[in-house]
There are 2 protein chains.
Amino acid sequence: MYEGMKERAVDLGKTASSSDIIFDALRDEIISGNLKAGESIRQEYIAKIFNVSRIPVREALKRLEAQGLVKNERYKGAIVSSLSEEEFIEIYEIRLLLEPLVIKEAARRITPETLKIAESYCNEFSAEPDSNNWGKLNRKFHEALYRDSKKPFHLKIINEASDRIDPYIRAQLVLTHGMEQARIEHNEILDACRNGDGEKAAKLTYDHIQDSYNALIPYLRKITDGA
Amino acid sequence: MYEGMKERAVDLGKTASSSDIIFDALRDEIISGNLKAGESIRQEYIAKIFNVSRIPVREALKRLEAQGLVKNERYKGAIVSSLSEEEFIEIYEIRLLLEPLVIKEAARRITPETLKIAESYCNEFSAEPDSNNWGKLNRKFHEALYRDSKKPFHLKIINEASDRIDPYIRAQLVLTHGMEQARIEHNEILDACRNGDGEKAAKLTYDHIQDSYNALIPYLRKITDGA
DNA sequence: ATATTGCATATTGGATCCAATTTGCAATAT
DNA sequence: ATATTGCAAATTGGATCCAATATGCAATAT
């Protein structure tokens with residue numbers, strides 16, 4: 001009886017805690033490049049912004065540390081992690097291994113709903129005039145394509161890997177006008193997914209990541225020097 | 001002046017916080033299988049054991065959640081994560097991709113010190129009579145072999161993946177007497193590392209993981225049912 | 001006998017308070 | 001001018017306290 005109530009109850013149960021909200025907010029600031037590598041995050045400062053005590057802030061920072069985005073140092077605050085060129089290369093190695101594998105599965109079982117979402121982000125990305133939003137939309141597009149892969153563990157790794165390099169990707173998207181290339185490749189990948197052609201989607205994704213890497217490497221030093 | 005002091009000062013600086021100690025302890029309990037999937041961890045209970053308040057316990061639990069080992073649920077405590085057969089397979093997929101890659105690099109640059117450590121754990125593993133210690137020694141052996149890979153991001157993923165399946169591996173090591181097989185394979189891998197033969201070490205590691213998977217699959221249902 | 005209701009208890013999330021100690025800067029000494 | 005010392009302020013880790021509410025069980029109603 002009243003089956004509809006169940007879903008509403010579940011939704012109510014999912015009200016995010018302060019800690020969750022602060023975690024998401026800080027993660028966003030870091031991966032957007034708004035908080036740069038080496039910068040210090042003071043607990044008290046964040047607590048005041050969100051009108052909460054330091055407790056939920058500290059929990060959020062501990063979680064960010066577990067994911068490698070910051071390093072908590074006593075009396076110094078949470079220092080935003082930097083990325084050496086070696087680690088940067090490592091992350092691309094992992095992306096090149098896992099993302100083609102994931103999209104292969106996802107493309108084969110992709111649902112019309114997911115396809116709609118991905119198409120939407122793809123179009124938004126192509127049309128967006130504000131370069132500050134390119135990074136986020138690019139990310140959302142790729143996330144959408146992987147949704148139906150049924151590989152949560154792979155996705156967790158891909159997400160964390162992407163978080164680490166996202167600030168650099170975003171800076172590069174703004175600096176160069178490699179948008180054209182990205183737009184073309186996104187549409188090709190989307191097309192392969194529409195046809196359920198996992199193999200082709202995988203190959204295109206591999207090349208897409210490789211292109212991203214090639215575009216980014218020359219800018220890596222420039223960006224890290226500028227910090 | 002007094003150069004030696006620096007190192008001591010650094011060492012002193014690394015005194016672990018309560019939160020760190022509790023995190024390590026809970027992680028150990030989970031990956032040892034002492035705390036089983038589905039069990040609830042009460043903050044107050046842990047706090048009393050360690051004679052601390054709930055604050056550091058909560059921070060530890062948040063970190064464990066970030067790594068996927070528990071899921072914090074209000075009024076219910078931190079529930080130890082279970083692993084579906086699909087996720088189990090996923091983790092082995094990832095291990096099969098990353099571990100051979102890592103050991104290939106590690107074997108090429110392995111130092112005498114690291115080799116000594118790995119040999120030590122290998123021998124301990126072979127000689128250990130108490131089956132409760134097999135899992136930990138097995139893990140330590142593999143960790144040692146990967147030490148010189150210079151791939152921190154890969155290692156982090158491998159560690160977290162291993163954490164998730166370790167309870168099952170340990171149960172299986174105790175249930176079957178596949179120790180013989182493991183011992184032989186460990187020595188073969190170690191030998192390839194001694195010779196700096198990265199390719200061979202990678203191939204042997206791949207087969208070793210594959211064997212582990214084959215041994216574990218039949219026991220997976222048995223173990224999860226028994227919980 | 002079974003289902004519903006109400007209340008005491010348990011349990012977590014967050015606020016406030018306290019302790020420890022590093023950091024930064026000014027005063028002092030060389 | 002430079003290096004050393006001393007002290008106030010800043011900052012984090014942890015303890016204690018409070019609020020909200022879910023859970024479990026007993027009492028009640030059907």
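We name chains A, B, ... by the order of the sequence lines, and we start the count at 1 in each one.
Checking C:dA15, D:dG14, C:dA20 against the side-chain heavy atoms of A:Y75 singles out C:dA20 as nearest. Of the candidates D:dT16, D:dT11, C:dT12, the closest approach to any side-chain atom of A:R42 belongs to D:dT11. Of the listed nucleotides (C:dG13, D:dT12, D:dG14), C:dG13 has the atom at the smallest distance from the side chain of B:R74. Closest to the side chain of A:V52, out of D:dT12, C:dA15, C:dT12, is C:dA15.
Between A:N51 atom CG and C:dG13 atom P there is a gap of 21 Å when expressed in whole angstrom units. Rounded to a whole Å, the OH atom of A:Y45 is 12 Å from the P atom of D:dT11. In this entry the distance linking NZ of A:K48 with P of C:dA15 reads 14 Å, nearest Å. The distance between atom CD1 of B:I55 and atom P of C:dT16, rounded to the nearest whole Å, is 13 Å. For the pair B:E65 CD and C:dG13 P, the interatomic distance rounds to 9 Å; values are reported in whole Å. The interatomic distance linking A:Q43 (CD) with C:dG14 (C1') rounds to 14 Å, in whole Å. B:E73 places its CD atom 18 Å from the P atom of D:dT21, with the value rounded to the nearest Å. For B:I79 and D:dA22, the CD1 to P distance is 16 Å, given to the nearest whole Å.
Side-chain contact check for A:I55 versus B:R58: some heavy-atom pair is nearer than 4.5 Å.
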>> Pairs counted only when both distances fall under 3.5 Å, Watson-Crick or G-U: show me the 5' to 3' dot-bracket for DNA chain D, [ ] for pseudoknotted crossings and | for other-strand partners.
In response: ||||||||||||||||||||||||||||||

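Residues A:S17 and A:K76 both approach DNA chain C. Their nearest nucleotides, taken by heavy-atom distance, put A:S17 toward the 5′ side.
For the segment residues 20-30 of chain A, no residue has any heavy atom less than 4.0 angstrom from an atom of DNA chain D.
Between the side chains of A:E99 and A:Y146, at least one donor-acceptor pair of N or O atoms lies under 3.5 Å. Side-chain contact of B:S19 with B:R63: a donor-acceptor pair under 3.5 Å is present, judged by distance alone. A:S17 and A:D20 share a donor-acceptor pair across their side chains, judged by distance under 3.5 Å alone.
Taking the six-membered ring for Trp and thresholds of 30 and 60 degrees, B:H186 and B:H208 have ring planes more than 60 degrees apart, a perpendicular arrangement.
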> Can B:Y213 and B:Y92 be said to form a ring pair (Phe, Tyr, Trp, His ring centres under 6.0 Å), step by step?
Replying inline: CA-CA 7 Å; B:Y213 177 80; B:Y92 265 92; 5.2 Å; yes

>> As a quick check of understanding, evaluate salt bridge (charged side-chain N to carboxylate O under 4.0 Å, His left out) for A:K156 and A:E160, giving each step before the final call.
In response: CA-CA 6 Å; A:K156 183 167 182 284; A:E160 291 184 12; 3.3 Å; yes

> Step by step, would you call A:K150 with B:E86 a side chain to side chain contact (heavy atoms under 4.5 Å, CB included)?
Replying inline: CA-CA 9 Å; A:K150 299 269 177 69; B:E86 290 77 28; over 6 Å; no

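Contact check, A:S18 against C:dG14: a side-chain N or O comes under 4.0 Å of OP1 or OP2.
At least one donor-acceptor pair closer than 3.5 Å links the side chain of A:S40 to the backbone N or O of A:K76. One N or O on the side chain of B:R164 and one on the backbone of B:S82 form a donor-acceptor pair closer than 3.5 Å.
Counting distance only, with no hydrogens placed and no angle test, the side-chain atoms of B:R58 and the base atoms of C:dG14 include a donor-acceptor pair under 3.5 Å.
At the heavy-atom level, B:R54 lies under 4.0 Å from base atoms of the strands shown.
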